[in-house]
Amino acid sequence: MKIKWKKRLGKYQGLFYIAPWLVGFLGLQLYPFLASLYYSFTDYAMMGTPKWVGLENFITIFTKDRDFKNSLEVTLIYVLIAVPLKLIFALFIAMLLNLKVKGIGIFRTVYYLPSILGGSVAIAVLWRFLFSGEGTVNTILSKLGIGPVGWLSNPKVALFTLSLLAVWQFGSSMVIFLAALKNVPAELYESARVDGASPVRCFWSITIPLITPTILFNMVMQLVTAFQEFTGAFVITSGGPMKSTYLYILKVYDEAFKYYKMGYACALSWILFGVVMIFTLIIFRTSSKWVFYSDGGDTV
Amino acid sequence: MGKNSKKIWSIGLVMALSIGMLSGCGQTEEQTSGKTDETQEEDTKNVSFRYEWWGGSATHEAYTNLQAKYKELKPEVTIEPEYSAFDGYQEKVVTQLSGGTVADLFHIDVPWMDEWVERGDYFTDLYEQDILDYSGIDDELLEQYCVYDGKLLAVPMGVQASGMLLNTVAAEKYGVPTDHQLTWDEILELGEKIHSENPDVYFFTADRGNVLNAIVAMLKQRTGGQLINDDYTIAFSKDDLLYVYNIIQKAYEVGVFEPLGEADLYYGSSTPNPKWINGQSIAQLCWNSEFTKSDDLLEGADKATMVLWPTITENVNQGATRIRPTYLVALSSQSQAKDAALEYLNWQLNDEEASVILGSCRAVPTTKTQQDAAVEAGVLRQPVIDLMDEAYPDAQEKDNVPSQNSELTDALTDEYSKVAYGMATPKEAVESTFAALEEVLERISVE
């Protein structure tokens with residue numbers, strides 16, 4: 001009897017251990033995920049009962065919605081600007097912080113700070129002050145005889161300015177790059193130098209190939225984050241000027257909370273999910289051509 | 001401790017944690033149901049409820065002071081304040097209404113009320129209680145804004161009028177009259193002259209909401225009634241819209257309005273436009289409930305004044321000013337402390353001292369007792385009262401439900417922005433505006 005009980009206990013022990021996470025996952029992730037799929041086929045005004053409408057939401061999005069195409073385009077441009085810039089900047093700073101300099105620990109901490117503060121509303125407000133017509137940036141530029149530039153008021157420039165806020169939050173990618181750089185064997189550089197390779201050659205022929213798995217990881221993570229960017233556009237520009245920063249998530253937010261069309265907003269969210277999936281799949285499919293695994297990539 | 005005992009202890013702990021998490025939501029109920037008579041008696045004395053509002057720092061200060069005063073009078077009542085800027089407030093309350101977590105008492109902007117009442121049973125019928133005395137409020141005001149299907153679902157805390165707020169020092173410096181209602185023609189002429197001589201100075205700093213209000217007011221002056229008819233058709237003609245867009249286009253072209261991209265950075269924000277603070281903007285288009293906030297931003301006191309909202313000069317069929325409740329206060333139907341909340345609301349609505357503490361952040365109080373108390377104490381600033389008196393003869397018809405639809409007003413905003421940014425001529429924008437509005441109207445009329 002005792003042995004049987006112990007056997008049973010052994011069988012479910014793992015489940016008991018992960019129970020808190022499991023509850024959170026089921027209640028806060030899986031349920032909303034599936035519920036949003038159901039709502040995407042309904043006319044649901046948040047306040048009230050959902051009414052099944054089949055594919056109507058999706059049809060309206062693709063055929064009648066005046067803002068859908070624009071917000072998707074704006075988001076794609078934002079992703080294409082913000083993600084590469086952020087990765088390049090993070091790698092650049094990581095390389096600087098990989099140098100053996102006195103007090104490097106302090107520099108590493110300081111450079112990580114923007115990532116802790118970056119996504120907050122307070123920083124977004126600060127960004128608005130910095131880049132407004134009479135903000136700090138234009139004041140400095142005017143001393144140099146340049147400008148003023150409509151960083152946030154010019155429809156052609158505002159999205160780029162918002163992208164800079166994303167680039168500024170480079171800390172998490174930087175830390176991961178730093179860890180990757182530290183794993184590059186020093187003897188490879190030594191051998192290359194003996195063979196007469198320049199630092200630039202070392203960077204392109206040793207560093208980059210050996211950190212491509214990390215580049216892949218950072219790229220996918222940042223891509224997913226960038227597609228879901230909200231705070232900056234919401235707080236700084238509210239999607240303006242002329243909807244030039246009307247990111248996709250801002251549209252989802254407006255449809256759900258401003259126009260009370262939660263079902264429609266869920267349909268928009270599932271379309272975004274599809275877009276992100278496609279981009280992620282493309283990156284993974286092409287990764288075999290540009291990602292180098294020192295163990296051949298067979299360990300998974 | 002043996003290996004098995006360790007396992008049993010660990011499992012026990014994890015189970016306890018999980019159960020703790022699961023039961024977290026039901027804690028209040030359990031605690032309440034398990035109370036002794038003594039505790040229950042104590043709880044009837046010590047009561048707390050939530051009060052939610054939006055506003056700027058002056059409003060937040062006024063309401064927190066008000067609630068602190070009530071705590072002095074009734075120490076057993078705790079009011080939990082929840083406040084934020086206007087931007088995002090509507091979305092927050094919609095979510096809370098939907099999730100059943102809205103505060104016991106909460107503020108509502110007039111345009112939201114029709115939509116919310118239609119969507120569910122979220123409000124307490126104030127006709128069905130005898131704690132709150134609303135007899136001091138004008139019956140017509142209650143009927144127009146708060147009564148739905150014979151139920152009184154909210155009460156207005158104040159009445160406000162739209163007007164032109166002027167920085168008197170800047171106005172004097174640049175020769176802008178501050179003693180009468182200006183026409184748009186006068187403003188265009190004055191503004192052009194001022195901006196051409198002082199390129200950093202604009203007549204107005206106006207965000208997209210202010211400009212939209214200006215356009216709607218002009219169109220309503222032309223129609224003599226509504227912006228959108230009750231049958232969801234457009235009430236104005238293309239000629240009306242062209243006339244209005246020509247004014248808007250000129251206003252941006254000659255520097256009467258600060259460029260929309262810059263002014264709009266402060267839309268619905270609690271942070272003010274620096275141009276107003278620096279005296280580089282002479283006027284604002286706003287409600288008189290916002291007078292205190294804007295006046296306090298200027299150096300020293302009494303530097304601002306208000307005159308009637310600007311008027312058009314051709315084909316005028318009604319006044320230019322809008323009058324409506326500053327905000328409504330409703331009691332949630334889910335409230336567990338209705339009596340205490342109503343007692344507080346009654347005090348807030350009728351008490352003379354409460355009126356003095358609230359000052360002019362809600363424009364003019366709706367009850368006569370409070371109006372008199374505020375005027376006598378000198379807390380209701382004179383321009384706020386004066387504008388209210390002048391506004392009634394210049395008032396426009398109350399906005400109907402279709403005219404307040406947010407999809408529609410957003411579509412109009414998108415369209416006039418094309419003129420403001422110089423991306424379309426007024427003529428082109430008229431055509432695209434009609435197409436956009438008709439598309440939205442077709443959709444919302446069947447919903």
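Lettering of chains follows the sequences in order, A, B, ..., and the numbering in each one begins at 1.
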Okay, A:Y12 and chain B: the region with an atom under 4.5 Å from a heavy atom over there is neither
Okay, B:K418 and chain A: the region with an atom under 4.5 Å from a heavy atom over there is both
Distance col, row A:M242:CE vs B:L260:CG, nearest 0.5 angstrom, shows 9.5 Å
When every non-hydrogen atom of B:T95 is compared with those of A:M46, the smallest separation belongs to CA-CE, 3.6 Å
Open item on the list: I'd like to know if the side chain of A:R128 and the backbone of B:L265 have a donor-acceptor N/O pair within less than 3.5 Å.
Closed with: yes
Is there a side-chain contact between B:R119 and A:Y260 in this structure, where contact means two heavy atoms from C-beta onward sitting under 4.5 Å apart?
yes
Ranking A:G240, A:S132, A:G150, A:A158 by heavy-atom pairs under 4.5 Å to chain B gives rank one to A:S132
Practice problem: Step by step, work out the salt bridge (charged side-chain N to carboxylate O under 4.0 Å, His left out) result for A:K261 and B:E407. | Solution: CA-CA 11 Å; A:K261 287 154 68 178; B:E407 273 192 79; 3.5 Å; yes
Open item on the list: Just checking A:Y31: does its OH atom have more than 12 heavy atoms from other residues, nucleotides or ligands closer to it than 6.0 angstrom?
Closed with: no
Next item on the list: Report the C-alpha distance between B:R443 and A:K64 in whole Å, list the side-chain angles of each, state the deciding distance to 0.1 Å, and finish with yes or no for side chain to side chain contact (heavy atoms under 4.5 Å, CB included).
Entry: CA-CA 10 Å; B:R443 198 153 24 86; A:K64 289 184 185 166; 5.5 Å; no
Turns out that what part of B:E258 lies under 4.5 Å from chain A's heavy atoms comes down to neither
Of the listed A:G27, A:P241, A:A256, the one with the largest count of heavy-atom pairs under 4.5 Å with chain B is A:P241
Whatever's closer than 4.5 Å to a heavy atom in chain B on A:K243 counts as side chain
| Around A:F68, counting heavy atoms of other residues, nucleotides and ligands shown, do more than 12 lie under 6.0 Å from its CZ? | yes
Residues A:S153 and B:Y421: closest non-hydrogen pair is O-CE2, 3.7 Å
Highest number of heavy-atom pairs under 4.5 Å with chain A among B:A436, B:S406, B:G120, B:A263 belongs to B:S406
Okay, B:A411 and chain A: the region with an atom under 4.5 Å from a heavy atom over there is both
Bottom line for B:E262: the part with an atom under 4.5 Å from chain A's heavy atoms is both
The interface call for B:E415 against chain A, heavy-atom contacts under 4.5 Å, is side chain
The reported gap from CD in B:E439 to CG in A:D65 (rounded to nearest 0.5 angstrom) is 8.0 Å
- Around B:K151, counting heavy atoms of other residues, nucleotides and ligands shown, do more than 12 lie under 6.0 Å from its NZ? no
(Q) Hydrogens and angles aside, do B:D410 and A:Y259 bring a side-chain donor and acceptor to less than 3.5 Å of each other? (A) yes
query = Is the count of non-hydrogen atoms from other residues, nucleotides or ligands lying under 6.0 Å from B:Y232 atom OH greater than 12?
reply = yes
Honestly, the part of B:E115 sitting under 4.5 Å from a heavy atom of chain A is side chain
Side-chain contact test, heavy atoms from C-beta onward, threshold under 4.5 Å: evaluate it for B:D414 versus A:R66 and give yes or no. yes
B:S98 vs A:M262 side-chain heavy atoms within contact, under 4.5 Å: no
